[in-house]
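All figures in this text were calculated on a predicted structure; none of them were measured in a lab. The first residue of the sequence shown is numbered 1, and numbering continues consecutively from there.
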Amino acid sequence: MKRSLVVVSNRLPFIININEDGEPVRTNSAGGLVTALAPLVIKHKGYWVGWAGNNFTETMKIPDSKDSTAIGHGIKPSQILPIFFTKETYQSYYSGFCNASLWPLMHSLPTLAVFKAEQWNSYVSVNEKFSAAAFEAVKKFDSYEDKNNLVWIHDYQLMVTPMMLRNLLDEANISCKLAFFLHIPFPSWDIFRLNPWANEIILGLLGCDLIAFHTNTYASNFIECCLNILGARVDRKEMIVEYGNKTIVVRALPIGIPYDWFERNARVSPKPFNFKEKVIFGVDRLDYTKGIIQRVRGYERFLEKYPECREKVVFFQVAVPSRTDVEDYRNLKDELEREIGRVSGRFATAEWTPIKYIYNNISQYELAGYYRDARIAIITPVRDGMNLVAKEYVACQIDDPGVLIISPFTGAGETMNEALLVNPLEHDLVADAIKTAYDMKYYERKLRMNALQTRERLFNLDTWLESFFDAVDMIDNFMKMRSLNVSDYESWLGPILKGYNLSIILDYDGTLVPLQTHPDLAVLPEDVKSLLEKLAECKHIDVTILSGRSMNNLKNLIKIKNINLSGSHGMELCLANGLQEECEQAVIFRAKIPDLVKELQENVCEHGGWIEEKRYHVTFHWRDTNPSFRQLMVQKAVEIVQKYGFQATRAHCAVEARPPIGWDKGRGVYNILEKLYGVTWADTYKAVFIGDDETDEDAMRALSGLGITFRVGKPHVKTAASHRLANPDAVKIFLEWAIGYVDRIKSTIQTPVTERRLLAIRRKN
């Protein structure tokens with residue numbers, strides 16, 4: 001299928017080095033990602049966004065490939081969108097947040113994680129660069145309406161890029177599917193939530209249409225994070241997440257290897273070993289997640305426990321240099337080499353060295369020979385996303401079959417059941433597994449290896465790509481979440497409200513009624529009005545409408561008996577018990593409003609914006625402003641608002657001028673609840689607040705721990721709300737739930753609302 005494609009990854013399929021003549025040249029990158037994706041970019045004439053290395057600067061041009069054998073040779077310079085940042089930024093982003101914070105946490109090693117705000121800020125700024133570059137690539141597509149358009153984002157370095165890109169695409173009205181693949185583990189939610197920015201990262205990923213992981217365990221962990229960290233609706237069986245008005249498909253799509261390539265090279269690769277002993281082989285990037293030191297100690301226990309095997313085996317460990325600029329990794333290298341020296345010194349004889357060790361890169365061509373000639377491969381990370389080494393070893397067993405020992409804490413360990421699975425932290429078990437592999441007869445070795453090879457040959461790299469694109473193409477056809485109903489609200493609210501009375505506070509625009517191009521068009525639907533009237537007549541519940549609109553405007557819109565109204569973000573209050581009040585601090589700013597309105601109209605309305613005058617506020621609506629002038633008009637409006645001494649606050653497609661008295665909807669909800677129930681209201685009441693924009697976030701933060709909050713609409717920004725709702729129809733279902741809830745619990749409530757209203761009047765008098 002022809003599709004427009006953008007691949008986004010931390011690194012390009014090559015890095016740029018400078019040759020002796022001072023010219024930039026491509027140096028090809030190795031690895032499964034390049035092997036899988038470079039041919040796709042070439043085939044679809046797509047684009048690749050990534051970093052080209054420290055040597056490449058903005059003054060240089062991407063060179064053509066000089067190596068016709070390179071897998072990315074056919075990717076033209078025009079298909080590359082390089083990312084640039086300073087060494088300091090890269091250090092903070094990559095060595096800092098990516099590898100000092102995310103890497104250990106994602107591998108379920110939280111005690112090794114270090115979290116620093118400045119490194120998180122670098123991570124966000126770099127992800128903004130990637131999203132902007134990906135957006136520029138999408139703008140080069142032949143069609144903005146093609147449903148096959150795809151941006152495929154890769155790995156933990158770019159987990160907040162999807163939502164950033166989604167916002168850019170939505171604003172430009174460009175249709176494009178976003179997909180994400182995580183190449184490392186995803187931990188359980190109780191570990192992931194230790195990240196101070198867990199909310200932002202999960203939200204960032206939910207900009208995608210499809211999110212894929214190596215295993216069902218990782219996919220399930222992510223779904224639990226969506227439920228427990230963001231309060232999203234999830235379907236564990238169908239592996240779907242619904243957040244706000246967006247549905248995201250989650251899938252387990254385990255990656256494979258280019259099986260035929262390894263099998264072919266195993267037949268021609270030179271013989272690497274020149275000793276008679278059976279070889280126990282391990283190859284890993286030098287990293288604390290790989291369990292190499294634990295492996296050496298397990299081998300030591302094997303030599304202790306089974307002395308008859310001494311001088312009959314050699315443990316050959318290859319450690320590939322990694323992050324050599326990081327002190328912890330240098331210390332790890334030193335510790336590993338001390339352990340190897342200690343074990344070798346303990347058991348070595350004049351004719352035999354128990355461990356051979358290489359600290360260097362080995363080409364995959366040479367590595368095929370190492371795999372082929374090793375009797376035992378021992379792949380025992382303490383945690384690993386997939387571990388392709390195990391699969392590569394299997395592909396290279398072309399003659400006398402060997403035995404694979406693998407950790408169950410790898411993605412591969414979840415499916416390669418014919419291997420010997422062993423916990424790398426239990427040295428006795430490692431020793432026993434090595435002995436079992438050493439003693440295993442040809443028939444059993446052949447039987448196990450054939451089964452492993454059949455699976456890996458079938459589920460190879462091409463199969464992974466096909467599965468991924470099948471999932472992308474089926475996104476629109478996947479089963480959707482069942483419609484929201486009252487049982488969802490019961491599961492969210494029932495346990496929390498048990499033993500408490502209920503007070504409901506609702507925003508108006510975007511919450512009870514859909515957002516309109518002009519406030520005068522936002523008329524309360526009859527069915528919603530009917531539900532509010534029923535709730536207002538209930539003796540065991542209070543309903544309050546809290547809006548940024550003026551009180552007079554609210555009274556004209558909502559003519560419902562026994563309902564509480566609060567306008568101007570709570571500065572105006574009109575309760576059903578007769579209490580009315582205004583915020584005295586705000587009154588002195590009323591006189592400035594006419595002049596502020598006049599200057600705004602003269603300076604920021606010429607390109608489609610318009611001004612809404614309220615009692616204590618003025619709002620500049622920029623939704624219809626010409627996009628070419630929008631940023632300028634918003635900036636100018638903020639400057640004018642501040643010039644008159646008002647606080648400039650961003651709202652939905654608007655800039656709002658508020659009196660600078662520290663009042664917001666957070667203070668507004670507290671004021672409402674205190675006037676209704678007294679200062680100790682939290683002893684007996686839980687408030688439910690529902691709103692849809694940034695002004696409502698103040699109320700959501702204020703009610704954290706004191707109530708339950710919902711935010712309506714697109715999930716494009718972080719929210720303090722307990723849950724997301726798709727649209728005002730979901731709010732209507734909440735009102736239906738509330739009516740049923742009152743009927744169920746009214747017999748247990750001691751003080752009806754009507755009596756409390758009388759008590760409030762007596763307190764006032």
Side-chain angles (χ1 to χ4, degrees), residues 30-32 35-36 254-287 290-292 295 299 313-321 355-381 384 386-407 410-413 415-416 418-422 424 433-434 436-438 440 442 444-461:
T35 302
I255 196 170
I257 61 168
Y259 189 96
D260 292 342
W261 187 94
F262 277 97
E263 186 179 46
R264 188 167 56 251
N265 279 278
R267 299 189 185 281
V268 296
S269 183
K271 186 176 178 64
F273 307 125
N274 58 1
F275 31 81
K276 64 182 185 300
E277 298 90 350
K278 292 180 181 179
V279 175
I280 302 169
F281 183 61
V283 55
D284 309 84
R285 189 172 58 80
L286 186 59
D287 190 280
K290 302 300 182 181
I292 306 175
R295 190 179 307 160
Y299 177 66
V313 297
V314 170
F315 176 32
F316 198 106
Q317 175 67 48
V318 177
V320 178
I355 302 178
K356 303 286 187 180
Y357 168 69
I358 295 178
Y359 178 69
N360 205 348
N361 288 289
I362 296 179
S363 72
Q364 288 194 312
Y365 171 71
E366 294 176 289
L367 199 54
Y370 284 83
Y371 290 143
R372 179 196 61 217
D373 295 343
R375 169 54 64 88
I376 300 167
I378 182 163
I379 315 297
T380 51
D384 211 343
M386 175 54 72
N387 197 294
L388 298 181
V389 168
K391 296 172 180 281
E392 293 165 3
Y393 174 75
V394 166
C396 293
Q397 294 301 294
I398 57 174
D399 294 319
D400 187 11
V403 181
L404 174 64
I405 299 174
I406 191 169
S407 164
T410 65
T415 58
M416 302 182 83
E418 298 82 5
L420 302 182
L421 271 69
V422 63
I434 296 173
T436 300
Y438 176 82
M440 191 176 292
Y442 175 86
E444 184 178 354
R445 286 189 279 118
K446 185 68 173 175
L447 184 69
R448 291 178 179 273
M449 190 55 64
N450 279 351
L452 288 166
Q453 289 178 330
T454 299
R455 181 187 300 108
E456 299 311 322
R457 185 181 287 110
L458 179 62
F459 297 105
N460 59 23
L461 189 59

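In this structure, OG1 in T454 is found 11.0 Å from CZ in F459, a value given to the nearest 0.5 Å. Taking CE of M416 as the reference point, atom CD of E418 lies at 8.0 Å (rounded to 0.5 Å). Rounding to the nearest 0.5 angstrom, the gap separating the CG atom in N387 from the CD1 atom in I255 is 12.0 Å. If you take CZ on R295 and CD1 on I355, they are separated by 11.5 Å, rounding to the nearest 0.5 Å. With rounding to the nearest 0.5 angstrom, the CD atom of Q364 is 7.5 Å from the OH atom of Y371. Atoms CZ and NZ, from R455 and K391 in turn, are 8.0 Å apart once rounded to the nearest 0.5 Å.
When the options F281, Y438, Y299, Y357 are evaluated for a ring-ring contact (aromatic ring centres under 6.0 Å, His included) with F315, the one that passes is Y299. Applying the side chain to side chain contact (heavy atoms under 4.5 Å, CB included) test between I406 and each of L421, V422, V389 identifies L421 as the sole match.
Annotation for S407 and P381: closest pair OG-O, 2.8 Å, computed over non-hydrogen atoms. Taking both residues in full, the closest heavy atoms of G256 and L461 are given as O-CD1, 3.6 Å, listed atom of the first, atom of the second, then distance. Annotation for A395 and I257: closest pair CB-CD1, 3.9 Å, computed over non-hydrogen atoms.
At distances below 3.5 Å, at least one donor-acceptor pair connects side-chain atoms of N460 with backbone N or O atoms of R457. No donor-acceptor distance shorter than 3.5 angstrom exists from the side chain of E366 to the backbone of P270, with no hydrogens or angles considered. Not a single donor-acceptor pair under 3.5 Å links the side chain of T410 to the backbone N or O of D384. At least one donor-acceptor pair closer than 3.5 Å links the side chain of R372 to the backbone N or O of S269. The backbone N or O of G282 lies less than 3.5 Å from no partner atom in the side chain of Y393, so there is not a single donor-acceptor pair.
Looking only at atom types and distance, the side chain of Q317 has a donor-acceptor partner in the side chain of D284 under 3.5 Å away.
Partners of A437 under the side-chain contact (heavy atoms from CB on, under 4.5 Å) rule, at least two apart in sequence or in another chain, are I376, V403, I405, L420.
I292 has its side chain within reach of L286: a pair of non-hydrogen atoms, C-beta onward, lies under 4.5 Å apart. Looking at I398 and R267, their side chains come closer than 4.5 Å, going by heavy atoms from C-beta outward. Proximity of Q397 to R445: side-chain heavy atoms (C-beta onward) are nowhere separated by under 4.5 Å. Proximity of P254 to M386: side-chain heavy atoms (C-beta onward) are separated by under 4.5 Å at one or more points. Residues F273 and K356 are not in side-chain contact: their nearest non-hydrogen atoms beyond the backbone lie 4.5 Å or more apart. A heavy-atom distance below 4.5 Å is found between the side chains of L367 and V283. You'll find the side chain of L458 stays beyond 4.5 Å of the side chain of Y259, heavy atoms only. At least one side-chain heavy atom of I358 sits less than 4.5 Å from a side-chain heavy atom of Y370.
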